[in-house]
Peer 1: 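My structure is below; once you've seen it, I'll send some questions.
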Amino acid sequence: LFVAKEIPADLLQQVEAILLTSDLGVKTTNRLLESVKDQLSKKELRDQQTLIRAIEGEVRSVLAQAHQGEWHLPEVKPAVILMVGVNGVGKTTTIGKLAAKFSAEGKKVLVAAGDTFRAAAADQLKIWAERAGAEYYAGAAGKDPASVIFEACEKAKVLGVDIVLADTAGRLHTKTNLMDELKKVKRVVGKVIEGAPHEVFLVVDGTTGQNAVSQAREFHEALGLTGIVLTKLDGTAKGGVIVAIAAELNVPMRFVGVGETADDLRRFDPKTFAKALFG
Amino acid sequence: IVSKGFSAAKAKLTGKTELTAENIEDAVRDVRVSLLEADVEINVVKTFVDRVKDKAIGKVVATEVDGKKKLKASPEEHFIAICQEELEALLGAQDAKEAQPITFRRPVTTIMMVGLQGTGKTTTTGKLASYLLKDKRKPLLVAADIYRPAAVDQLKVLGEQLGVPVFHEPGVKPEDMCAHALRKARDSGRDVVIFDTAGRLAIDDELMHELEQIKEKSKPDNIFLVVDAMSGQDAVRTAAEFNRRLPLSGFIMTKLDGDARGGAALSIREVTKKPIKFLGMGETLDKLEVFRPEGLASRILG
Ligand SMILES: Nc1nc2c(ncn2[C@@H]2O[C@H](COP(=O)(O)OP(=O)(O)OP(=O)(O)O)[C@@H](O)[C@H]2O)c(=O)[nH]1
Ligand SMILES: Nc1nc2c(ncn2[C@@H]2O[C@H](COP(=O)(O)OP(=O)(O)OP(=O)(O)O)[C@@H](O)[C@H]2O)c(=O)[nH]1
Ligand SMILES: [Mg+2]
Ligand SMILES: [Mg+2]
């Protein structure tokens, strides 16, 4: 793949293997090697530890650049967070975790059952709301998601909640009508609450390969993403595709999911993530 | 197959060319990159490409127009065509012999669905029920995911949509529930039972043991690993571990209605040698196809 005469063949192969098996992808792997080649001396490029630490540093800086520092809840009331993403990635479960986190911080939370399509989606979210002690709003099954989330926001204003977490149905980014449905949701919440949605979080499954770049690109173009949540990092997959996403789209990683219970949510940290890639 | 000793010069005179390491070098590199971008596991890419390269080198192919209708095809294009053939053969080889993706048994056939979280097991359980109904069979679904909020409700809703019974016993361990379900099937004239299990990590020893218990007590005729088409490099590790513990009858790849290349299918097939049985092509219960290698092969190759 990457042809660097300065890096010994077996070391290059070893480093490429680490990056590729972590799902960084061919393009990002080559970019990283290209940039460290410029940073290091000929001697350094032949030393395994130095080369690896340099790449780790480069990964950290790509992620840190997109990260733009620590995330804080927008200073509006209610702050509306819209969760989007393809099917089965962990949107509903992540809302449950965020609801628990914000409630523990003393905030009043309302979760909106914006997935009116999938079997038992509203029931699943309701259980999470109960666990977190959050308010819950759902419409009739099959009802237009934009209407349900609109009504949920109206209720949020009446109740004086601090945060609205809006769940949406999983959808593949290639389905134009479903992406249009999300655009409508975004337009509609903006009418009921000024500046809403204040956050649009794309949930990405940590086991995903290169398709995650395509997902991020399409959802970003359609809605303007303000953050990414990477789930299922408690498994063996490394989630390296977020390096490609950060480099290409500059959307910050906000949280990481590390399990299936309410406590299994961590703030994203570029340094920790970069270290884990090579750990 | 013409002998490998066919000289390049002689070949040129007859409008043919011998494939050499040099004239297919660019194509080999392009295929490697394409397969990696398709999420095929790096060692599988190496094994596959090396194998195809060995097969290709020395082949004599038509590269000149023969005056009438043969299109001029470069050595590179020939190499790609050989890759497509090899990929199809690898993905689907032995399955052509198996006319039926499901192994049936009298009086009751069992199917066990396993896999990581969120891959589509519950939805695919519904799809298989729909497929079986069309095949004049009488499925019974078992809601053995006792952990995920509303998992049982989810399967019950799908059962209602199809008019298929869903079995669940609150407070009972999955391995016992599945065994009871088989008894229930026999007593009520149902001839296929599908166990929907909870998503789990391959490294979760306790939950993997639960699957072994279900298998031990109910001896399923079919164990399908449900894999997401967008899975990356790690899919191989998961599949190998599930296969080591259970082992698998085959796998079902879901969410192929998107633009994920599905390279994990090649990796899993290469490493476990187990066949791909079905493809999930959408969210509704009619979107299940019996696996055919051609479409997936060209999708992975790109
Ligand atoms: N191990 C692990 N599992 C997770 C994590 N986050 C979510 N899950 C599991 O992934 C599965 C799918 O989660 P959901 O929250 O239903 O995903 P979703 O995106 O809302 O799915 P759809 O609404 O159907 O598109 C469930 O089994 C969750 O328990 C995580 O961080 N780690
Ligand atoms: N587009 C598409 N979506 C699918 C397909 N198969 C399943 N889904 C969706 O993927 C999501 C997850 O499906 P589930 O059936 O809940 O997955 P699961 O494996 O049972 O999840 P857990 O039980 O939590 O491990 C749902 O939104 C399904 O509608 C498919 O072939 N195409
Ligand atoms: Mg959901
Ligand atoms: Mg399920």
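Chain A is the first sequence line, chain B the second, and so forth, proteins listed ahead of strands; every chain is numbered from 1. Worth knowing before you read on, the calculation uses all heavy atoms, side chains too, and leaves out hydrogens, waters and symmetry mates.
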Peer 1: Might you confirm whether atom NZ of A:K143 has over 12 heavy atoms from other residues, nucleotides or ligands at distances under 6.0 Å?
Peer 2: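 Counting other residues, nucleotides and ligands, NZ of A:K143 exceeds 12 neighbours.
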
Peer 1: Assess whether a salt bridge exists between B:R244 and B:E241, defined as any Lys/Arg side-chain N lying under 4.0 Å from an Asp/Glu carboxylate O.
Peer 2: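 Yes, this pair counts.
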
Peer 1: Quick check on the interface: out of B:P149, B:G118, B:A150, B:A229, who has the most heavy-atom pairs with chain A under 4.5 Å?
Peer 2: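 The option with the most such pairs is B:P149.
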
Peer 1: Using side-chain contact (heavy atoms from CB on, under 4.5 Å) as the criterion, point out the one residue from A:I18, A:I55, A:L32 that pairs with A:L24.
Peer 2: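 Single side-chain contact (heavy atoms from CB on, under 4.5 Å) partner of A:L24 among A:I18, A:I55, A:L32: A:L32.
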
Peer 1: Is it the backbone or the side chain of A:K238 that comes under 4.5 Å from a heavy atom of chain B, or both, or neither?
Peer 2: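 For A:K238, neither part sits under 4.5 Å from chain B.
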
Peer 1: With chain A as the partner chain, list the residues of residues 155-170 of chain B whose heavy atoms fall under 4.5 Å from it, by residue number, and write 'none' if nothing qualifies.
Peer 2: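 Listed by number: B:V157, B:L158.
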
Peer 1: Hey, which of B:R148, B:E41, B:E37 has the most heavy atom pairs under 4.5 Å with chain A?
Peer 2: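 The option with the most such pairs is B:R148.
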
Peer 1: Which of residues 43-51 of chain B have a heavy atom under 4.5 Å from any heavy atom of chain A?
Peer 2: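 None at all.
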
Peer 1: Who wins among A:L125, A:V213, A:V241, A:T236 for the most heavy-atom pairs under 4.5 Å with chain B?
Peer 2: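 Max contact count across the listed options: A:T236.
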
Peer 1: Among all residues two or more places apart in sequence or in another chain, which pass the ring-ring contact (aromatic ring centres under 6.0 Å, His included) test with A:F201?
Peer 2: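 Partners of A:F201 by the ring-ring contact (aromatic ring centres under 6.0 Å, His included) criterion, ordered by chain and then number, come out as A:W71.
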
Peer 1: Taking the side chain from B:D204 and the backbone from B:R200, do they hold a donor-acceptor pair closer than 3.5 Å?
Peer 2: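 Answer holds: no.
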
Peer 1: Could you name the residues of residues 126-135 of chain A that have a heavy atom within less than 4.5 Å of a heavy atom in chain B?
Peer 2: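 Within residues 126-135 of chain A, near chain B: A:I127, A:W128, A:R131.
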
Peer 1: Is chain B contacted by the side chain of A:T21, its backbone, both, or neither, given a heavy-atom distance below 4.5 Å?
Peer 2: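 Backbone plus side chain of A:T21, per the 4.5 Å heavy-atom cut-off to chain B.
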
Peer 1: I need the residue from B:D257, B:I203, B:D228 with the largest number of non-hydrogen atom pairs under 4.5 Å to chain A.
Peer 2: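 The option with the most such pairs is B:D257.
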
Peer 1: Under 4.5 Å, counting heavy-atom pairs only, tell me which of A:R171, A:H173, A:K27 racks up the most with chain B.
Peer 2: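 Sorted descending by pairs with chain B, the first entry is A:H173.
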
Peer 1: Sort out for me which of A:T231, A:L172, A:D205 touches chain B most, counting heavy-atom pairs under 4.5 Å.
Peer 2: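 Of A:T231, A:L172, A:D205, A:L172 has the most heavy-atom pairs under 4.5 Å with chain B.
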
